[in-house]
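Nothing fancy with the numbering, it's 1 onward along the sequence. Whatever order the structure lists them in is the order used to number ligands and atoms, beginning at 1.
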Amino acid sequence: MSPSPLPLKGQSTQSFWRSNLHALDNHRSTPDLPSSADIVIIGAGYAGASTVHHILELCKSKNLPIPSIVILEAREACSGAAGRNGGHLKPDPYNRPTKIAATHGIEAAAELAEFEASHIPAVKKLVEEESIDCDFVLTRCVDVLWTNDIMAKMKDGVDLLRKHKVSVMSDVHFASGAQAEQLSGVRGAKACFTYTAAHLYPYKLILHLLSKAVDAEVNLQTHTPVISTSKTPDPDGLLTITTPRGSIKAPKVVYATNAYTSAILPEFTSKIVPVRGICSHIVAKSSPAPLLPNSYILRAGTVEYEYLIPRPDGSIIVGGARSKYYSNLDDWYNNVEDSKLIDKTRHHFDGYMQKHFHGWENSGAETSKIWTGIMGYSSDGLPHVGKVPGRDNQFIIAGFTGHGMPQAFLSAKGIASMVMEGTAFKNTGIPRVFQASQERLDDRKNVILEEWEASQKAPVEAKL
Ligand SMILES: Cc1cc2nc3c(=O)[nH]c(=O)nc-3n(C[C@H](O)[C@H](O)[C@H](O)COP(=O)(O)OP(=O)(O)OC[C@H]3O[C@@H](n4cnc5c(N)ncnc54)[C@H](O)[C@@H]3O)c2cc1C
């Protein structure tokens, strides 16, 4: 596999979130790049914006001088995955943790589940304290299980975590049979789990963080792709970060580059791989739209699932459509094409609410928008966070594998502390399984491809 290309130039498919742009979308704080900075952050998505937020918060709380920070963004602010996702801040209490229990032990699994759950109060607090207008809603996610197979698999995991008294299990409720269909409102639900989750308008949250950073004199430079960084510092301890607009010398650099990481950190080739995802916005014609008080995962199998949030205006964001393209690996894996839809998905969400949700039959709900976004899938399904192996004073927070909303904000808090105070990874509160390491780079296993190969051998009838 070759390293990822840089983010593509030109027009991406427009997401619902990016249909009304912020004044900073194409911002450049200064006409030219500064020649030096204390810290360069590459990427102005959720991870980059959260990192700068936590650096500023740390300076405030410890009365430290604010370092000079430059954020370099290849395209517009928040134009990557964070500007085109499902807006679902949904911790995963049992699915990934069960897999981690098998590979890394129950303590690591509990740590991951608790870390993800802690994003809900952390983001809620941020939104409330800073009065951020980003449609934040605290809710319960209903994880609908459509087949006996997937129900048994999920239930086994939950039972294991309960047996080991993993604390987040106290928030997980299970229902099956007729009760599951009644509770979820989803036709044919065999069972469901529910647990605390949230949803929001990601672009507004991230632009708020970037706007606050710019007010604090952080230099934001959009349309400035980094094409290389030096591996080792020069005799003055400075790294060179090179862009087509000139280079910057800085002692520290943070890669918040998600899918595109290997374009400038080639050692991450095949470890963080760009993956296309599809998301849509559905609007009901009836007014008011039928009530949908929860957010959802609809699962027909291990790799066949979709995610859905209701918006405060009654419209719906739903992402997935995998049943239309997953079998053709080239359509989605190692692919950075977000200027086009995967054509087979174009009509996937038409009639979706009417088909799956009780009460929506006469809603006239229609797809109003459908778009593509590029996720950074890591080969072991976990983000790489911490020091870049073999590169002094270089830090990474990337590879969120389509699930960054309940992982990146507090990972960024840990990164801020590592960058500013030299905190050791183990004292940051970031789950141990996220730690970037040479061992993970050397591991040849690829769980994403293994899952895909298994699904090709035993295809299930498409439900979604
Ligand atoms: C369709 C879709 C639906 C999703 N739904 C959800 C969801 O509902 N819930 C959830 O938890 N997660 C979801 N995700 C995943 C989630 O959006 C990501 O995990 C999260 O946004 C990652 O944030 P990030 O800042 O790491 O990456 P990004 O938002 O992609 O930001 C990385 C930024 O770095 C920039 N960049 C990269 N390389 C360079 C370079 N060399 N020079 C300069 N800039 C560079 C990119 O242009 C980009 O702006 C979804 C993703 C997609 C695509």
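Near Y46, meaning under 4.0 Å from any of its heavy atoms, are these atoms of ligand 1: 23 (O), 25 (O). Per-residue contacts place L72 under 4.0 angstrom from the following atoms of ligand 1 (heavy atoms of the residue considered): 43 (C), 44 (N). Of all atoms in ligand 1, listed by their number and element, those nearer than 4.0 Å to a heavy atom of G373 are 53 (C). For ligand 1, the atoms lying closer than 4.0 Å to a non-hydrogen atom of P225 are 42 (N), 43 (C). Numbered from 1 in the order shown, with element, the atoms of ligand 1 that lie under 4.0 Å from a heavy atom of P406 read 11 (O). Close approach to G43 involves these atoms of ligand 1, each under 4.0 Å from a residue heavy atom: 33 (C), 34 (O), 35 (C). Counting the atoms of ligand 1 from 1 in the order shown, those under 4.0 Å from a heavy atom of F400 are 19 (O), 26 (O). Here is the list of ligand 1 atoms found below 4.0 Å of a heavy atom in L6: 41 (N).
By the criterion of a heavy-atom distance under 4.0 Å, the side chain of I42, and not its backbone, is placed next to ligand 1. Counting heavy atoms under 4.0 Å from ligand 1, residue P7 touches it through the side chain alone. When heavy-atom distances to ligand 1 are checked against a 4.0 Å cut-off, I264 comes that close only through its side chain, counted from C-beta outward. The residue T401 has no part lying near ligand 1, judged by heavy-atom distances below 4.0 Å. At a heavy-atom cutoff of 4.0 Å, ligand 1 is contacted by no atom of C78, backbone or side chain. Neither the backbone nor the side chain of W371 has any atom closer than 4.0 Å to an atom of ligand 1 (non-hydrogen atoms only). Residue contacts with ligand 1, taken as heavy atom pairs separated by less than 4.0 Å, involve R84 solely via the backbone atoms N, CA, C and O.
The number of heavy atoms from other shown groups lying within 6.0 Å of NZ (K124) does not exceed 12.
Taking the centre of each ring, H384 and F268 come in below the 6.0 Å mark. Ring pair Y326/W332: centre-to-centre distance below 6.0 Å. The distance between the ring centers of Y296 and Y307 does not fall below 6.0 angstrom.
Regarding atom 41 (N) of ligand 1, its nearest protein heavy-atom neighbour is V226 O, 3.0 Å. Ranking protein heavy atoms by distance to atom 48 (C) of ligand 1, first place goes to E73 OE1, 3.5 Å. At the top of the distance list for atom 17 (O) of ligand 1, counting protein heavy atoms only, stands N85 ND2, 3.0 Å. For atom 5 (N) of ligand 1, the closest heavy atom belonging to the protein is G86 N, 2.9 Å. The protein heavy-atom contact nearest to atom 9 (N) of ligand 1 is H88 O, 2.9 Å. Protein heavy atom closest to atom 51 (C) of ligand 1, with residue, atom name and distance, is M375 CG, 3.5 Å. From the protein, the heavy atom lying nearest to atom 29 (O) of ligand 1 is A82 N, 2.8 Å.
Salt bridge D32/R245: absent, no basic N to carboxylate O contact under 4.0 Å. Look at R96 and E116 and you find no salt bridge, because none of the NZ, NE, NH1 or NH2 atoms lies under 4.0 Å from a carboxylate O. Taking 4.0 Å as the cut-off between side-chain N and carboxylate O, E267 and R391 count as a salt-bridged pair. Using a cutoff of 4.0 Å between basic side-chain nitrogens and carboxylate oxygens, R440 and D443 are not scored as salt-bridged.
T242 and S247 share no side-chain donor-acceptor pair at under 3.5 Å. Judged by distance alone, the side chains of K387 and Q394 never bring a donor and an acceptor atom under 3.5 Å apart. Checking S295 against H88 by side-chain atom types alone, a donor-acceptor pair falls below 3.5 Å. D38 and S68 are linked by a side-chain donor-acceptor pair at a separation below 3.5 angstrom, with hydrogens and angles left out of the test. No hydrogens or angles considered: nothing links the side chains of E73 and H223 as a donor-acceptor pair under 3.5 Å.
Considering only non-hydrogen atoms, atom 45 (C) of ligand 1 lies nearest to A74 out of G399, G48, A74, A47. The closest heavy-atom contact to atom 30 (O) of ligand 1, among the options P202, G87, S12, A81, comes from A81. Selection from S228, A321, S15, G45 by nearest heavy atom to atom 31 (O) of ligand 1 gives G45.
In this structure, G319 does not count as a contact residue of ligand 1, since none of its heavy atoms falls inside 4.0 Å of the ligand. Within the 4.0 Å heavy-atom shell around ligand 1 one finds A256. Remark: distances from the non-hydrogen atoms of G402 to ligand 1 include one below 4.0 Å.
Considering backbone and side-chain atoms together, G83 places no N or O closer than 3.5 Å to any N or O of ligand 1. Remark: ligand 1 and C279 share no N or O pair separated by less than 3.5 Å (distance only, no angle test). At under 3.5 Å, not a single nitrogen or oxygen of I278, backbone or side chain, sits near a nitrogen or oxygen of ligand 1.
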Legend entry - Stepwise side chain to side chain donor-acceptor pair (under 3.5 Å) test for D350 and H347: CA-CA 5 Å; D350 297 350; H347 297 291; 2.9 Å; yes
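Applying ring pair (Phe, Tyr, Trp, His ring centres under 6.0 Å) to W17 and the options Y203, Y46, Y201 leaves one that passes, Y201.
Between H119 and F409, the ring-plane angle classifies as perpendicular under the 30° and 60° cut-offs.
Of all heavy-atom pairs spanning F115 and S411, the tightest one is CZ-N, 3.5 Å.
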